[in-house]
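Numbers restart at 1 for each chain; the letters A, B, ... are given by sequence-line order, proteins then strands.
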Number of protein chains: 2
Amino acid sequence: MDDRPHVTLEDVAREAQVSLATASRALNGTTKVRSDLRERVLAAAEQLAYTPNAHAQALAGGAHRTVGVICHDVSDPYFAGISRGVMRAADEAGLLVMLASTFRDPQREIAYISMLRAQRASAILLVGSGFEDREWERALAAEIEPYQRGGGQVAVVSRHRTLRVDSVQPENREGAAQLARTLTAQGHRRFAVLAGPRALTTVVDRIRGFREGLAEAGVELAEHDIVEAAFTRDGGHAAMSELLARGFDATCVFAVTDVMAMGALAALREAGRSVPEDISLAGFDDIPVVRDLAPPLTTVALPLEELGEKVMELAVRDNRGKRSRILRMPGTVVVRESTRPIDCA
Amino acid sequence: MDDRPHVTLEDVAREAQVSLATASRALNGTTKVRSDLRERVLAAAEQLAYTPNAHAQALAGGAHRTVGVICHDVSDPYFAGISRGVMRAADEAGLLVMLASTFRDPQREIAYISMLRAQRASAILLVGSGFEDREWERALAAEIEPYQRGGGQVAVVSRHRTLRVDSVQPENREGAAQLARTLTAQGHRRFAVLAGPRALTTVVDRIRGFREGLAEAGVELAEHDIVEAAFTRDGGHAAMSELLARGFDATCVFAVTDVMAMGALAALREAGRSVPEDISLAGFDDIPVVRDLAPPLTTVALPLEELGEKVMELAVRDNRGKRSRILRMPGTVVVRESTRPIDCA
DNA sequence: GCGCTTTCTGAATGCGCTTTCACGCTAGGA
DNA sequence: TCCTAGCGTGAAAGCGCATTCAGAAAGCGC
C-alpha cells in the first residue's frame, strides 16, 4: 500500500495552524488545550479524514490495544463459543482481538506467536493448545518466555505442564468422570470410546476421567475399546464406522467431543442403528447444535462463553510478579435423549 | 506492557559487534553481508531471543503483512466456512489475518474499520455487511474511501450499492429462485418464509429470488406469509413458533438461512410436527451441520470456503486504478430429506 | 605499484507519533 | 507595581527499524 501518503498529524497541525504537539494533545485529550485551538484541530482532522497511525503510536509509547487469540480452528464450534466470550470481554476492555487458526500445526502455532510478539500485542491467548510433546513445549517456551519478560501477558485455556501462565481449565477429567457415573447409573456396563489424538491433553484427561468414573462402578475400559481418530466430525464418523465394522458389544459410546459425536451419530444412522434404542451415545462440550440433533445429545456442558471471558480477564488483569493463577471451570452433565437407561445385562 | 524494555536490533548489533545497519541487513537478507558477520548477528539474535518490532518495521516502510476481516459473528457457521477459505488464502500469501465480530452493530463495524485503518492493514475484508440504510452507507464510505485513497485494499462478500470495491457475491437471488423451482416441481403450492431483518440485502435478495422462482409456477407469496425475526437459530425458532401459533396452510417453509432453519426444525419438533411428513422445510447456505440433522436439510449450497478464498485473492491482487471487479458465486440446490414431493392440492 | 571499480560497512536520516523540556503568557499575592 | 506560580504552547528528542549515502576495504588491469 502507500501509494499516496497517508494524512499525518503534521498535515492536521498545519491545517489547524497549530504545532504538532498541540494537535496531538487536542486529539488525545491528555492535556488541556485552549478550546478554540482544540476546535480547530478537531475540525481539521475531520476534514482531512485523519486516522492516527497505530504503528507510530505504538512505537512512540502509546498503549498497545490488541490481543491475539490462537486456536486450532476458528470454525470449530467449540472455539466459536469461546471466541464469543473473548470478544465480549475484549470489547469491554476496548481491545482489538486478532484471531488465528493453527489447524493443529504446532509449527504454525509458534509462527503466529512470533508474529504476535512482533506486533507487540498486549496479550496472547492460547486456546486448547495442549500437546504432550517435549520438543514442542520447549519451542513454545522459547517464544512465550521472552514475550513475558518483555511485559506481554499470556493466558491459556487448557492445561499446561511447563508454561508459567495464567490459565482457565475446563474440568475435563471430573466432567468425564461425572458423565461415566451418570451412564453407569443408567445401567450401562460395556462402553466404547471415540477418542481424538492421544497427544492432546484434553483427550487424555477426558479418557482418564471417564475411566475413573467407570471404575467407581466396577467397570473397566479396555484399551481395545478406545478408537483414536481425527478430532473432527469426520474423525468421529470414521471411528464409529471402524467400531461398527469390527463389531463390538458396548451399549454406550462416548465420543470425547460433541463434534466427533455428530460424526458418530451420522455413521450410526447410515448403518441403520438407532440412537438410543440400539445404542446410547454421549459427547462432551455441549456445543449449541447438539441440542438440535435427533436425538438431542447427552453431553457434558462446558460454559464456553464464560471460558472465553475468563481467559480474557486473566490476560487483562495486571499480574506482574504474581504467580500464575488457575481458574477451574466445572462441566455439567446434561442428559438428553441420545442415552437411555437399560436393564443391567 | 513494556516493563522491561524489549530486546532491540541495537542490542543484537552490540552483541554481535557490528553496526545496526549490518544487523538489519543480516537479519533481512536484503543485501549481501559478509558471512562471518551474518553468523555473528544470527547467533546474537538467537541468543537474545530477538523479535523485530513490527510497528517499527511498518513505520520504517516495511511491508504491512496484515489483513482485517470484519464479519457479523465469527461463531456463525456461515462465516466460519468463509473464514477457513480466507485463512487458507492468507496463509499462502504470508498474511496475518485479524478477525473481528460486529454482532450486526453498524457502529461497531465502523469502529473496527477505523482501527484497521489505524493499523494500516494492507487490506480490509467485509463479509456480509450489507445494510440497506443510507446513513450507514455514508458513514461506511467516509471510512473506506480515505483508506482506499491511502492505498488500502478493500473487498467484500455481498452486494454493495455505493462502495467502489471488489466483491464476491453469492447468487442469492438466483439460488433462491432455483430452490423455489425445485419445490414447486415437488408439487408445493403454498409457502411460508422465515426471514431475517429486511434491512439486510442478503435477506431481501433471497426473498425476491424465491418469489420470482415461485412466480414461474404461478405461485404467489403474500407478504403475510413472510415472518421476520432475528438472523439466528433462536430467531428461526421464534418465527416458526409464531407461524404455528397463528395457524397457516403452507406445505413448505423456506428459512432464508440454515441457521434459522435449525431453529425452525426444533420448533416443529417441539410442536409435534414431523418433517417432511407434515411439512417440508428448506434452508439456504448449506452449512456443514445441516446434513447431520434429522432429517438432513434441503438447502442451497454456497461454496463458503471458496467465497473466502476468492475475496482474499481479490484483496491481495494489485488493482490500483482498475475498476472494481465482481465475482459471482452460484449456489446449488441440494435436495435432502427435509422436503418431499406432495400431491398437488 | 598506481588508479580504478566493485563490495561491503557504518553513520545518519526519517517514518508518525507521544512526551518531555523550556519558555511565554496571564493571574494572583505581596 | 513587581515577583512568583501556574497554565498552555511549541521545539525537540526518541521509540525501533529500514535505507540512503558516503567512505573504507578489497579486487582488478595496467
Measure the distance from [atom1] on [X] to [atom2] on [N] and round it to the nearest whole Å.
X        : N      : atom1 : atom2 : answer
A:Leu9   : C:dC15 : CG    : P     : 13 Å
B:Arg117 : C:dG16 : CZ    : P     : 15 Å
B:Lys32  : C:dT7  : NZ    : C1'   : 11 Å
B:Asn53  : D:dG14 : CG    : P     : 18 Å
B:His55  : C:dC15 : NE2   : P     : 19 Å
A:Arg34  : D:dT9  : CZ    : P     : 5 Å
A:Leu59  : D:dC15 : CG    : C1'   : 4 Å
B:Arg38  : C:dT7  : CZ    : P     : 16 Å

* Give a yes-or-no answer on whether the side chains of A:Thr51 and B:Arg117 include a donor-acceptor pair shorter than 3.5 Å. => yes

* Asked: Quick one: do the A:Arg25 and A:Thr31 side chains pair a donor with an acceptor below 3.5 Å?
  -> no

* To do: For B:Pro52 and for B:Arg25, locate the closest nucleotide of DNA chain D by heavy-atom distance; then report the residue assigned to the nucleotide nearer the 5' terminus.
  => B:Pro52

* Pairwise 5' ranking along DNA chain D for A:Thr22 and B:Thr51, keeping only the more 5' one -> A:Thr22

* Within a reach of under 6.0 Å around CD of A:Glu46, are more than 12 heavy atoms found that belong to other residues, nucleotides or ligands? -> no

Per-pair distances, 0.1 Å, donor-acceptor, side chain in residues 12-19 of chain A, under 3.5 Å, sequence neighbours excluded:
unit_1: A:Ser19; atom_1: OG; unit_2: A:Ala21; atom_2: N; d: 3.4
unit_1: A:Ser19; atom_1: OG; unit_2: A:Thr22; atom_2: N; d: 3.2
unit_1: A:Ser19; atom_1: OG; unit_2: A:Thr22; atom_2: OG1; d: 3.1

* Drop me the distance from A:Gln169's CD to A:Ile326's CD1, to the nearest 0.5 angstrom. => 5.0 Å

* Could you work out which one of D:dC17, D:dG16, C:dC17 sits closest to the side chain of B:Gln57? => D:dC17

* Asked: Taking five pairs at each end, how big is the angle between the two axes of the helix from C:dG1-D:dC30 to C:dA30-D:dT1, to 10°?
  -> 50°

* Do A:Glu109 and A:Trp136 have side-chain heavy atoms sitting under 4.5 Å apart? -> yes

* **Short side-chain N/O contact to C:dT18 OP1/OP2 from A:Asn28, under 4.0 Å** => yes

* For A:Ser24, which contact category applies under a 4.0 Å heavy-atom criterion: base, sugar-phosphate, or nothing? -> base

* Structure fact -> Per the under-4.0 Å heavy-atom filter, residues of residues 14-21 of chain B near DNA chain D come out as B:Ala21

* Yes or no on salt bridge (charged side-chain N to carboxylate O under 4.0 Å, His left out) for B:Asp166 and B:Arg317, after CA distance, side-chain angles and deciding distance? -> CA-CA 10 Å; B:Asp166 294 340; B:Arg317 219 178 308 172; over 6 Å; no

* To do: Check for a donor-acceptor pair, side chain of A:Asp11 on one end and backbone N or O of A:Thr8 on the other, with a separation under 3.5 Å.
  => yes

* To do: Check for a donor-acceptor pair, side chain of B:Ser75 on one end and backbone N or O of A:Arg84 on the other, with a separation under 3.5 Å.
  => no

